[in-house]
Protein chains: 2
Amino acid sequence: MVNWATDDDPHRRLPLSTSPTAPAAPATPERPVPARTGGRAGKRQAITQGARTVFGREGYSRTSIEAIAAEAGVSTRTIYNHFEGKDQLFSDVVHDSAGQVADAFIATVEKQVTGTDPRTDLLALGRAFVGQRTQFPEHFAMIRQIKAEVQHFPAAVIDAWQQAGPQRVQQEVARRLQQLADAGLLRIPEPARATVHFIALVTSEITIRPYGSPALGPAQVRDCVTRAVDAFLHGYGTDSAAGAPR
Amino acid sequence: MVNWATDDDPHRRLPLSTSPTAPAAPATPERPVPARTGGRAGKRQAITQGARTVFGREGYSRTSIEAIAAEAGVSTRTIYNHFEGKDQLFSDVVHDSAGQVADAFIATVEKQVTGTDPRTDLLALGRAFVGQRTQFPEHFAMIRQIKAEVQHFPAAVIDAWQQAGPQRVQQEVARRLQQLADAGLLRIPEPARATVHFIALVTSEITIRPYGSPALGPAQVRDCVTRAVDAFLHGYGTDSAAGAPR
DNA sequence: AGTAAAGTACAACGTGCATGGTAAATTGGG
DNA sequence: CCCAATTTACCATGCACGTTGTACTTTACT
């Protein structure tokens, strides 16, 4: 009876002030950390896993509960025993998935961005960023679905997703760029804009790529990032270009 | 009985070699240019118009023929008198709409890019590009739907769309950038990449913007383009940045 | 092994929707 | 004003799917 995905009046707003991490559930001593890989909770995992796959491949409205059940190797009834319905399942999957992707990104950056010289750092940062898309294709397929259907999901779901994923990732990129700027290695008048510009450049070729064409190979991706970083550093102007930025 | 949108084996390929502009239909002397605004053909116009609106707002699978009929002010039966079915209607609408948008873009560029100085030209080019998105919101809403659902449309439709719209637009941008490079006002080693980078930069802030947030005002959009163009020209590096591009 | 929780198969209900048919109404051109 | 093409209202069919109830089976822990 919820069915917000076809709701007539979407986009109620949500106060973002509340602590992003919900107050830890009150202990639940009944189930003292059941093996997360085990049977009962394992089913839940399988469902979210399968749901991510199918939602990403089919889109929200095309995805049937039956298809998710098949993908996850459970019965449809089990899905309804774990989740209220299709919509709640979807928000859960999106939220979880976004969190995992953001975690992976931040971990990679931590490991790969070594601080030797600015260009190397930017290359590592850029590769980590586009690496998300190649490592989690299902997730980003799902994200494309959301972007197309924002209007049909309640604002609370969108906000939760944004906070769990994209905002954390973007903040991490901004932090790294700022470090370089603070060291005098970049000239960044407006950090927010520079961050967006950096992300846009490194993802440009895989975003604007003609749709339906085969995915780029790893070597090509590396090349794209390299050229994007060089464009980010030096631009395409010549000395004779009039009107310096400032 | 077509229903390719839920087809199991999508992505048949199509030979792109055939002339992009279909050979002009053989005169059809039966209907010597009936007033395109008039009754009979006017209905068709109303249908594609309404279809664009609803498809953009709802997405392909959520859109019902009934909704399109209501939006267009016709009966559902009339839609089936003009189009084979939902899928053919969709491809037609996408193709037409993409063509119109590309036409408008090229016309604007022709008028606005005056060739006085490189920065001014790039600003005009950038504004024309993002102007598409503000002038044709319904079209781009529909494009987002396609991007999310590429896998569910036959390759022929995708290719036709790409040729009618995005490729023409991108080619025009490339041409203008090349002119500046030829005049020694830009340093462009790889034209295709530079084009993509330019497009990515000018659209960055409206693309990466947190979803669900209110659209930017005209003044903000101008500002975005200005900063993007400056980034495109000069980049964010300092003199001390190691590893020049070449 | 035994028991309670969890999972499954199956059937059913209601809905929304694509698509087609048909006969009456409308409209635009001559 | 008349005719032919077009549009419309209405009905019918068939399918896909979300969701729930129920009774049976499996699983996991003691």
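These values consider heavy atoms only, across backbone and side chains, with no hydrogens, waters or symmetry-generated copies. What you are looking at is a predicted structure, and each value in this text was computed from that prediction instead of being measured. Per chain, numbering begins at 1; letters A, B, ... match sequence-line order.
For the pair B:Asn81 CG and D:dA4 P, the computed distance is 19 Å after rounding to whole Å. Rounded to whole Å, atom P of C:dG16 lies 14 Å from atom CD of B:Glu58. Between the CD1 atom of B:Ile68 and the C1' atom of C:dC17 there is a distance of 12 Å, rounded to whole Å. Rounded to whole Å, the distance from NZ on B:Lys86 to P on C:dG16 is 15 Å. The interatomic distance linking B:Glu66 (CD) with C:dA18 (P) rounds to 8 Å, in whole Å. Nucleotide C:dA9 holds its P atom 12 Å from the CD1 atom of A:Ile79, rounded to whole Å. Rounding to whole angstrom units, CZ of residue B:Arg44 and C1' of D:dA5 are separated by 16 Å.
Annotation: the span from B:Asp159 atom CG to B:Trp161 atom CH2 amounts to 10.0 Å, rounded to 0.5 Å.
Side-chain N/O atoms of B:Lys43 include one lying less than 4.0 angstrom from OP1 or OP2 on D:dT8. For the pair B:His82 and D:dT6, the criterion of a side-chain N or O lying under 4.0 Å from OP1 or OP2 is not met. The side chain of B:Ser75 contributes an N or O atom lying less than 4.0 Å from OP1 or OP2 of D:dT8. Between C:dT8 and A:Thr78, a contact under 4.0 Å exists linking OP1 or OP2 to a side-chain N or O.
Looking at B:Arg209 and B:Glu205, no side-chain N of the basic residue comes within less than 4.0 Å of a carboxylate O on the acidic one, giving no salt bridge.
Few gaps surround CZ on A:Arg57; more than 12 heavy atoms of other groups in view lie less than 6.0 Å from it.
Here A:Ser61 lies out of heavy-atom contact (under 4.0 Å) with every strand.
Taking the six-membered ring where tryptophan is involved, the planes of B:Tyr60 and B:Phe90 are perpendicular, since the angle between them exceeds 60° and thus also 30°.
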>> salt bridge (Lys or Arg N to Asp or Glu O under 4.0 Å), that's the test. Do B:Glu172 and B:Arg168 meet it? Break it down for me.
In response: CA-CA 6 Å; B:Glu172 179 67 14; B:Arg168 284 176 57 210; over 6 Å; no
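Comparing C:dG20, D:dT20, D:dG18 against the side chain of A:Ile65 picks out D:dG18 as the nearest. The side chain of B:Arg77 sits closest to C:dG20 out of C:dG20, D:dT7, D:dT20. Taking the side chain of A:Tyr80 as heavy atoms from C-beta on, and the options C:dG20, C:dT8, D:dG18, the nearest nucleotide is D:dG18.
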